[in-house]
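Below you'll find the structure, written out as structure tokens, and then a few comments.
Bear in mind the structure is a predicted one, so any value in this text is a computation, not a measurement. Heavy-atom basis, side chains included; hydrogens, waters and symmetry copies ignored. A, B, ... follow the sequence lines: proteins, then strands. Residue 1 opens every chain.
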Protein chains: 2
Amino acid sequence: MKYRSISEVSAELDIPDSTIRYYEKKGLLPLIERDNAGRRIFSEDQMTLLGTVMCLKNTHMPISDIKQYVDWIVEGDSTLERRLEMMNNHKQAVLDEIALMTESLKGIDYKIERYTRQLQEKK
Amino acid sequence: MKYRSISEVSAELDIPDSTIRYYEKKGLLPLIERDNAGRRIFSEDQMTLLGTVMCLKNTHMPISDIKQYVDWIVEGDSTLERRLEMMNNHKQAVLDEIALMTESLKGIDYKIERYTRQLQEKK
DNA sequence: TGTTGACTTAAACCATGGTTCAAGTCGTAT
DNA sequence: ATACGACTTGAACCATGGTTTAAGTCAACA
């Protein structure tokens, strides 16, 4: 089982180490082990969890909700239903947001077309 | 030409009036006219501009960039090229963000599948 | 043995995007 | 005349999501 230092994790996932410490403090990364010198060492499981946290962060889930989710993971199988419900709700929120962005993009495309046309005409 | 009060605009676009004032203060809504009592009155052109601002906001353009864009609109045709370039860059940024969200959604879908399966098995 | 580099902590600091508050001004209905 | 509701302003306040700083610890290398 390979363990990584915080700087290795930081480089590998391209996240500032300060952010990783911040996430741990906020409860998004529980149960991180330490070596004899008190330094964080990240197991494969921790890397997997961090990957999940990044998925949720990339889809704009608030940190407080990610913490709730992680708390449920730690709590165990009794929270499976709640986690499933949360992921389903979140999925819908993400789809809604993508739809809004896609719709708004039309307004931007319209500007691009108009500006392109106007610049053509001016030549 | 129909003019709207701030509360009408607020209701019509579902934006808090405090936010509309904030946008004006930040320079996103220049040249808003006032009635004799000093109250804002929004022309059709202002509504169109506000629509554009909302498109950019919905696609996560920072307020400072939206202000730059609006400044260029006010400046006139000499800024057409810069506006076009900005919209093209922004479009790419939006496409990138949608791609990241879509990719991250796979991780969420995977959780949904796994939790659904585990809950089936438990029954 | 001493210095270097990577790490630790708590606390302070920061940017962004608003929201809320306090005090005052109008226009209209009673 | 006055009371009400909608509006005005500037300033203070707030939440979110980090980043930076200061002071210290530890392991390894010269």
Side-chain angles (χ1 to χ4, degrees), chain A residues 2-43 46 50 52-70 90 93-94 97 100-101 104, chain B residues 2-43 46 50 52-70 90 93-94 97 100-101 104:
Chain A
K2 189 191 172 190
Y3 280 91
R4 287 162 179 84
S5 70
I6 196 167
S7 61
E8 285 167 337
V9 176
S10 168
E12 201 162 312
L13 301 188
D14 197 29
I15 310 166
D17 51 353
S18 63
T19 302
I20 299 173
R21 291 193 193 95
Y22 171 73
Y23 286 172
E24 188 198 17
K25 184 156 48 174
K26 284 296 188 171
L28 309 191
L29 302 173
L31 314 173
I32 295 181
E33 296 171 63
R34 307 290 173 126
D35 67 10
N36 292 335
R39 287 171 295 200
R40 292 168 184 80
I41 51 175
F42 294 81
S43 67
Q46 290 294 331
L50 188 44
T52 300
V53 166
M54 294 315 287
C55 268
L56 298 176
K57 208 204 59 132
N58 289 339
T59 51
H60 309 149
M61 182 181 281
I63 286 188
S64 53
D65 290 9
I66 301 179
K67 174 172 167 33
Q68 172 68 272
Y69 177 67
V70 170
H90 183 56
V94 175
E97 196 183 345
L100 177 61
M101 293 182 75
S104 302
Chain B
K2 190 189 170 192
Y3 280 90
R4 287 162 179 85
S5 70
I6 196 168
S7 62
E8 285 168 337
V9 177
S10 167
E12 202 163 311
L13 301 187
D14 197 29
I15 310 167
D17 52 353
S18 63
T19 303
I20 298 173
R21 293 194 192 96
Y22 171 73
Y23 286 172
E24 188 197 18
K25 184 155 47 174
K26 284 296 189 172
L28 309 191
L29 302 173
L31 314 172
I32 295 182
E33 295 171 63
R34 306 292 171 125
D35 67 9
N36 292 335
R39 286 171 296 199
R40 292 167 184 83
I41 51 175
F42 294 80
S43 68
Q46 290 295 331
L50 188 43
T52 301
V53 167
M54 294 315 287
C55 267
L56 297 176
K57 209 205 57 132
N58 289 340
T59 51
H60 309 147
M61 183 181 280
I63 284 187
S64 54
D65 291 9
I66 301 179
K67 173 172 168 30
Q68 172 67 272
Y69 177 67
V70 171
H90 183 55
V94 175
E97 196 183 344
L100 178 60
M101 293 181 76
S104 300

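On the nucleic acid side, DNA chain C contacts chain A at distances under 4.0 Å to non-hydrogen atoms, with the end points of that region at dC7(C) to dT9(C).
The side chain to side chain donor-acceptor pair (under 3.5 Å) check on Y69(B) picks up Y115(A), with sequence neighbours excluded. For the side chain to side chain donor-acceptor pair (under 3.5 Å) test, no residue two or more places apart in sequence or in another chain qualifies with S10(B). In this structure L13(A) satisfies the side chain to side chain contact (heavy atoms under 4.5 Å, CB included) test together with V9(A), I15(A), M47(A), L50(A), sequence neighbours excluded.
Within the 4.5 Å cutoff, the side chain of D17(B) has no heavy atoms near those of the S7(B) side chain.
A heavy atom closer than 4.0 Å to some atom of DNA chain C occurs in Y22(B), Y23(B), A37(B), R39(B), these being the qualifying members of residues 21-41 of chain B.
When ring centroids are compared, H90(A) and H60(A) stay outside the 6.0 Å threshold.
The heavy-atom pair separating L29(B) from I20(B) by the smallest distance is CD1-O, 3.9 Å.
Note that CD1 of I41(B) and NZ of K2(B) are 13.0 Å apart. Values are rounded to the nearest 0.5 Å.
In this structure, S7(B) reaches the dC7(D) phosphate: one of its side-chain N or O atoms is under 4.0 Å from OP1 or OP2.
Nearest-nucleotide positions on DNA chain C for S64(B) and S18(B) put S64(B) closer to the 5' end.
Listed by first and then second residue, the side-chain hydrogen bond (donor to acceptor under 3.5 Å, both in side chains) pairs that reach into residues 29-39 of chain B are Y3(B)-E33(B), E24(B)-R34(B), D35(B)-R39(B), sequence neighbours excluded.
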